[in-house]
There are 2 protein chains.
Amino acid sequence: MMFRDFTLTDKEREALNAISTKIHKPAKRRIYTQGEAGKYVYRIRSGAVRLEHHLHDGRNQIFAFMWSGDMFGTIEDGVYPASAIALVDTYLFQIPYAALLNLIEVHPRIQTLFLQQVLNYTQAARRHLLLATYPLVVKRLAGFLLECSKQADFYDRHTNILTLAMDRRDIADYLGFAVETTSRMLKELEDMRLIKRLSSQRIMLDRRKIMDMF
Amino acid sequence: MMFRDFTLTDKEREALNAISTKIHKPAKRRIYTQGEAGKYVYRIRSGAVRLEHHLHDGRNQIFAFMWSGDMFGTIEDGVYPASAIALVDTYLFQIPYAALLNLIEVHPRIQTLFLQQVLNYTQAARRHLLLATYPLVVKRLAGFLLECSKQADFYDRHTNILTLAMDRRDIADYLGFAVETTSRMLKELEDMRLIKRLSSQRIMLDRRKIMDMF
DNA sequence: CGGCGAGTTGATAGCTTTCAAATGCCGTGG
DNA sequence: CCACGGCATTTGAAAGCTATCAACTCGCCG
């Protein structure tokens, strides 16, 4: 990445906070809808969000899961190209585009923060595409669990327990297969002793063994 | 997009040209290789390029096709995450990262050009994911042909003739199916009278009918 | 206790891959 | 100019994988 060591100064951070509003969304609450005029960009303070695109044929493609520290809300032709929905209880910064563009005139380095975020997103999108196109769905799911285990808020490195913020349908919509397939492949991974389902949302991972699949 | 009306001033453009080298790559020539230390970013003057990622299991995933005006060569952890290969005879600007980062200090607006390019890429990546995850491969291919027809250099709006810069394998690697499937689905589209194959690289499109699929 | 939604499981149908072989295309060398 | 070789493309048949549809279980909450 071009600007990996970049951080804002206190002054720049203050200026950004001054135009931001702290908002809260409970689980499953919609933040904005695809096609809506885009007025705000968001930064996650805590929680998790999914970005999804509804297609004519009824398919619902999830583009990304966003985590603490991530920004989202880019617009295309003035409107949001995807809907944003809170997966769990989520706290956000809401930043108006109009004020942000003015602020960048004064503090150009704030733009670098956005470039950095967008570059992060392109990396995530690359990994997502790789996952979603693995010929065998069991490999898609295995890779997905590894991705999730990178989120410190949802994975305990000591107990190896992953807490899934999303349900089976979200996973299926992210990886491009049917809901039932999520269950079947979780069972297959469990039979192979790569994971252990403690409850429907809590899964113990054997990251070593899972990585050996790749 | 945030900065759709953005253009450089003459002075900024000159400064950028001053650190750029014009280079040429014949068809099928490699520009850089995945894993290589990333020293340059590129802008296409004319031609076309594919960005591909080679996986352990032998699969070759194509992330994007890049066209005239597009920039590529982003790095992750100092190295290129994908290989870049010219599809046809291609002319490029080669811009050293070191000089570019210095130049941005002097002309901050040049960074906006990159932000704009990266945002363009995220849009393309979104459309790519949608295409590559359609449950029916014939729909993937149909959507792909529509995407290609947006490139004025390769699509004649009057005759409706599309010239494919890539071969069957490239298409398969981009859309996530087997090479043979490319042929079979082209035949299926031809049987449905949505396209007409003039030669292996030249295809007449009925864009109206193809769009009706979606 | 009952009811609802999420998750799981089973059987079959449908689609795509794989493997194999044929055909077409094009540049090279005789 | 033609024959040949190599590569890209196309076609065929069978095997493999996943979606679909239906039924069932589980957990949670009124």
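Just so we're clear, the structure is a prediction, and the values are computed from it rather than from any experiment.
- Residue whose closest nucleotide on DNA chain C sits further toward the 5' end, between A:Arg184 and B:Arg184: A:Arg184.
- Between A:Phe144 and A:Tyr174, a ring centre-to-centre spacing shorter than 6.0 Å is recorded.
- Distance, A:Leu164 CG to C:dA6 P: 16 Å, rounded to whole Å.
- Per the geometry, CD1 belonging to A:Ile171 stands 16 Å off P belonging to D:dT18, to the nearest Å.
- A salt bridge links A:Lys139 and B:Asp57; the closest N-O separation between the charged side-chain nitrogens and carboxylate oxygens is under 4.0 Å.
- When all heavy atoms of A:Leu129 and B:Ile62 are compared, the closest pair comes out as CD2-O, 4.4 Å.
- Relative ring orientation between B:Tyr91 and B:His24 is described as tilted, the plane-to-plane angle lying within the 30° to 60° band.
- Contact check, B:Ser183 against D:dT11: no side-chain N or O comes under 4.0 Å of OP1 or OP2.
- You'll find the ring centres of A:Tyr80 and A:Phe72 outside the 6.0 Å limit.
- The separation between A:Leu186 atom CG and D:dT18 atom P is 14 Å, rounded to whole Å.
- At D:dT10, one or more side-chain N or O atoms of B:Arg168 fall inside 4.0 Å of OP1 or OP2 (strictly under the cut-off).
- Distances shown here put every side-chain N or O of B:Ser200 at or beyond 4.0 Å from the OP1 or OP2 atom of D:dT10.
- In this model, the phosphate group of C:dG7 is not approached by any side-chain N or O of A:Arg169 to a distance below 4.0 Å at OP1 or OP2.
- Remark: P of C:dT16 and CG of B:Leu175 are 12 Å apart, rounded to the nearest angstrom.
- Regarding B:Asp167, its CG atom lies at a distance of 15 Å from the C1' atom of C:dG24, rounded to whole Å.
- Separating the CZ atom of A:Arg140 from the C1' atom of D:dC17 is a distance of 11 Å, rounded to the nearest angstrom.
- Between A:Thr182 and B:Gly176, the residue anchored closer to the 5' end of DNA chain C is A:Thr182, taking for each the nucleotide with the nearest heavy atom.
- Here the C1' atom of nucleotide C:dT9 and the CZ atom of A:Arg197 are 11 Å apart, to the nearest Å.
- For A:Gln201 and C:dG7, the shortest distance from a side-chain N or O to OP1 or OP2 is below 4.0 Å.
- Proximity of A:Lys187 to the phosphate of C:dT9: a side-chain N or O atom is located under 4.0 Å from OP1 or OP2.
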